[in-house]
Amino acid sequence: MRTAAAGLVTLEMAGRGVRIVGWIHRRRDLGGLVFLDLRDRSGILQASAGPDWSSADAMDAVRGLSVEDVVAVRGVVRPRPDAARNPEMATGDLEIQITELEVLNRARTPAIPVYLPPEEELPSEKLRLRHRVLDLRRHEMQARLALRHRLVLAVRNHFDALGFYEIETPILTKPTPEGARDFLVPSRVHPGEFFALPQSPQIYKQLLMIAGFDRYVQIARCFRDEDMRADRQPEFTQIDVEAAFVQPEDILGWCEGLMEKLAEVAGIEAATPFRRMTYHDAMERFGCDRPDLRYGLEIRDFTTVLGELDSAILRGAVEKGGRIRGLGLEGGARLTRRRIVAVEDAAKAAGAPGLLWAKITENGATGPLGRFFRDDTRTRLGLAPGDLLVAAAGPDRVTSPALDAARAASIAALDLPRTTEHAWLWVTAFPVFEDGGDGTLAANHHPFVQPDPADAHLLDSDPLAVRGLAYDLVYNGTELGSGSIRMHDAALQTRILSMLGLRPEEITAKFGFLLEALRSGAPPHGGIALGVDRLVAQLSGGTSLRDVIAFPKTTTARASFEGAPSPVPAAELAALGISVGGDR
RNA sequence: GGGGCUGUAGCUCAGUUUGGUUAGAGUGCCGGUCUGUCACACCGGAGGCCGCGGGUUCGAGUCCCGUCAGCCCCGCCA
């Protein structure tokens, strides 16, 4: 059908007869001469029709064409006349002179343009999603999905070379007892019973380790029926990895090697080994567990110096066991009060009652905090005239997120320079538990994380202080992946589940099959799961997740192109033993 | 479940602040002229449920209430 791809025709083919197929990208009708820009996924090639070289039929056909029609063109590759070369275009030095043209299919006028003139805004995302095939024809979208393909291929090659097997795990599975809400799938054979779509293949990959597969990888689709965010989709793809007889170092090393290869594919830097930071340090220095280390700005502890000032707020916070932490912003005093309030608002949105600030001037300090300054306060804080101090007082669980938000807002307000464009980081030693409120414990990550043996003695006395053998991969402030060493001892796993508030019969009902497997000779094992969508979005320049997924869902978890979800006929529901209640 | 922003021609946007005669522009589309264009150029034309429903008013694209959709955020989610 074709002898060459449009974008791959070169001057060396000059004089040769070719057949090119593709879409009409644009058309320029000069009357006697007609130029077609012919597009396929490889690029764009100009085809010219003129009475001296085109058949009469071809001339007629060419005049009736419009954009997005699908055509096959037979013709001869020619260098363009010197004056007609287009240096802006990859194939701008040549064209195909049409001898015959066949219309393979007509297109109605596209609802959204595939070709966008320079400086024309993209159609609204609403329309891009509704008319997805047209949107996907655009070069940017084709390039992103091509990159995604090359990245996933590199993932498979990387793990194959390391001896991993890709093994599929079920999509129809068992509802999970905690974590996100499950998508449920009714069983017709067993009316009233349901499968769940997997939130991740977590338990299956552990079972594969127990089954002796040693090294497993899967490009796995995962489903979570939760409300959306810019960085979340209800169905998403993970690079799911698990291996037996491993230490965290093994997993981290494999992942760093993988990121080197993926960065090379994407044309960015990933210098290994990656920086590492414990969860504790990340919270202390950056107020969050996935700090954006492209910027150097760090949180500091000012409790000693600020705690002795004559401020009821500060003293009260310290007396209640809190601390005073903040950011020393070099040159920040140039910010207007309005900009400072914007930083404070960011902190408030993150849950802080407020932010205290002091502008440092040659003559002392001003602002709600500055007015309490003593003669030596500035120097003891290590601040210089022209600086701005923003501080939050209280318990760490309040001030950390507030200062994380204040840090991001300050970076934006001061337009702070980046110290690197590609900040890779491992955050390690995550706590096993988090406070579930009203005295209960919840799993910080998931209930299978191996507690650090060094903290085993704290399990009863201070469970919240128990660190897990867990690690997150962070890139430019985005969490790309998360993993851990798992418990392979059934007794310890049972103990942890019971600490999480599960009764013995619940443990048996929900995790019995896992515990039984663990008792059958489970090897020590661990792994990680990396988010493919986020990874591709980041590696293609920080675009939206929706731009690296061919057919994504909207913020309200709808598929606007296909029109899903949709109601189903009552008879189908009846066959499943389901009746729909509520307002319907 | 809650909050914010947006919705005007096929598409991108003005017009909404302060209600007032016939809602505009660019592009696309349709017709015409044009043999080296590449955002082709030029001439002419068609194209509107101002998201939808209700209300206020002599009068609503503009004000109010509700609702739908898209995006962003909180809750939720690893």
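Just so we're clear, the structure is a prediction, and the values are computed from it rather than from any experiment. Proteins get letters first, then strands, A, B, ... in listed order; numbering begins at 1 in each.
- In this model, the phosphate group of rG70(B) is not approached by any side-chain N or O of R130(A) to a distance below 4.0 Å at OP1 or OP2.
- Rounded to whole angstrom, the span from the CD atom of E119(A) across to the P atom of rU12(B) amounts to 17 Å.
- Using a 4.0 Å heavy-atom distance criterion, R181(A) is classed as a sugar-phosphate-only contact.
- Taking side-chain N and O atoms only, S560(A) has no distance below 4.0 Å to OP1 or OP2 of rG70(B).
- Side-chain contact, Q202(A) with Y204(A): no donor N or O sits under 3.5 Å from an acceptor N or O.
- Atom CG in D547(A) sits roughly 13 Å away from atom C1' in rC71(B) (whole-Å rounding).
- Between Q46(A) and rU37(B) there is no side-chain polar atom (N or O) within less than 4.0 angstrom of OP1 or OP2.
- Between R138(A) and E140(A), at least one side-chain nitrogen of the basic residue sits less than 4.0 Å from a carboxylate oxygen of the acidic one, meeting the salt-bridge criterion.
- For the residue pair Y471(A)/S482(A), the side-chain donor-acceptor check at 3.5 Å is not satisfied.
- Here E120(A) lies in heavy-atom contact (under 4.0 Å) with a base.
- Within 4.0 Å of R224(A), counting heavy atoms only, lie sugar-phosphate atoms of the nucleic acid but no base atom.
- For the OP1/OP2 pair of rC71(B) and a distance below 4.0 Å, the side-chain nitrogens and oxygens of R546(A) include at least one atom meeting the criterion.
- Distance check on atom P: rA14(B) versus rG54(B) gives 28 Å, rounded to whole Å.
- Of the candidate nucleotides rU35(B), rC29(B), rC76(B), rU35(B) has the atom lying nearest to any side-chain atom of L30(A).
- Rounded to whole Å, the C1' atom of rU6(B) lies 38 Å from the corresponding atom of rC42(B).
- Here T556(A) does not reach the OP1 or OP2 of rA69(B): none of its side-chain N or O atoms lies under 4.0 Å away.
- Within the 4.0 Å cut-off from OP1 or OP2 of rG70(B), not a single side-chain nitrogen or oxygen of T555(A) is found.
- Between the side chain of R232(A) and the base of rC76(B) there is at least one donor-acceptor pair of N/O atoms closer than 3.5 Å.
- Summarising the geometry, the separation between CD on E121(A) and P on rG26(B) is reported as 18 Å, rounded to the nearest angstrom.
- Between R486(A) and E242(A), at least one side-chain N (NZ, or NE/NH1/NH2) sits under 4.0 Å from a carboxylate O, which counts as a salt bridge.
- Residues R221(A) and E235(A) are paired through a salt bridge, judged by an N-O separation under 4.0 Å between the basic side chain and the carboxylate.
- Listed nucleotides rC34(B), rC38(B), rC72(B) differ in distance to D37(A); the shortest reach to its side chain belongs to rC38(B).
- Remark: the R80(A) side chain and the rU37(B) base include a donor-acceptor N/O pair separated by less than 3.5 Å.
- Comparing rG36(B), rA78(B), rC11(B) against the side chain of I112(A) picks out rC11(B) as the nearest.
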